[in-house]
Peer 1: 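Here it is: the structure, laid out below.
When a ligand or atom number is given, it counts from 1 through the structure's own listing order. For reference, positions follow the sequence shown, starting with 1. We use all heavy atoms of the structure for the numbers below, so side chains are in, but hydrogens, waters and symmetry mates are not. Here the structure is a predicted model, which means the values were calculated and not measured.
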Amino acid sequence: MLKEKMLDALNEQLNFELYSAYIYFSMSAYFESINLKGFANWMRVQAMEELTHVKRFYDYIIDRGGRVKMSEIKAPANEWESPLAAFLNVLEHEQLVTSRINNLMDIALELRDHATSSFLKWFIDEQVEEEASVDEIVQSLKLNENNPGGLFLIDKELSQRTFMPPQDITI
Ligand code: FEO
């Protein structure tokens with residue numbers, strides 16, 4: 001059974017993962033509106049991945065006999081100044097997610113909740129990957145800020161991203 005402090009923190013993060021998906025769907029719509037279909041695709045895949053993160057927290061809370069509680073999700077922005085501004089926003093958001101996951105791990109360690117520490121390890125590793133891949137795109141965008149041809153090539157590259165449902169998650 002999860003201790004109350006741990007359960008509340010896990011539920012909060014479950015809702016924050018939904019907020020992440022909400023932001024990325026909004027960014028995808030922004031990119032559709034400026035006709036950057038590859039960027040829009042990347043964001044849609046990102047949003048879908050966030051939903052699988054929601055599912056991981058959902059299943060884990062249930063598996064530990066806890067009660068999942070949904071809460072209000074604040075509205076994301078709908079417009080950004082440029083593709084670079086949007087991706088800087090993604091990087092900032094993912095850094096915030098990383099610090100939140102680290103806080104969850106701190107709580108699990110404080111409560112000597114070894115099962116939750118083990119569960120969170122997946123997210124610790126995932127955040128390293130997420131920040132690295134977003135940072136790579138930010139760097140490319142910075143190099144091509146005033147180069148429409150470069151932006152076109154990045155858009156083409158981002159159109160290749162596909163959503164791969166994780167093998168260890170079921171509906
Ligand atoms: Fe669920 Fe992008 O962290």
Peer 1: Report the protein N/O/S neighbours of atom 1 (Fe) of ligand 1 that fall below 2.8 Å; do not count waters.
Peer 2: Glu17 OE1, Glu50 OE1, His53 ND1
Peer 1: Run the salt-bridge test on Arg56 and Glu17 with the 4.0 Å N-O cut-off and return the result as yes or no.
Peer 2: no
Peer 1: Ring centroids only, cut at 6.0 angstrom: are Tyr19 and Phe16 within range, meaning strictly under it?
Peer 2: yes
Peer 1: Taking the six-membered ring for Trp, are Phe87 and Trp42 ring centroids under 6.0 Å apart?
Peer 2: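 Centroid separation for Phe87 and Trp42: below 6.0 Å.
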Peer 1: Tell me whether the centres of the aromatic rings in Tyr30 and Tyr24 are closer together than 6.0 Å.
Peer 2: no
Peer 1: Are His114 and Phe119 close enough that their ring centers fall under 6.0 Å?
Peer 2: no
Peer 1: Parallel, tilted or perpendicular for Phe39 and Phe31, by the 30°/60° rule?
Peer 2: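 Because their plane-to-plane angle is under 30°, the rings of Phe39 and Phe31 count as parallel.
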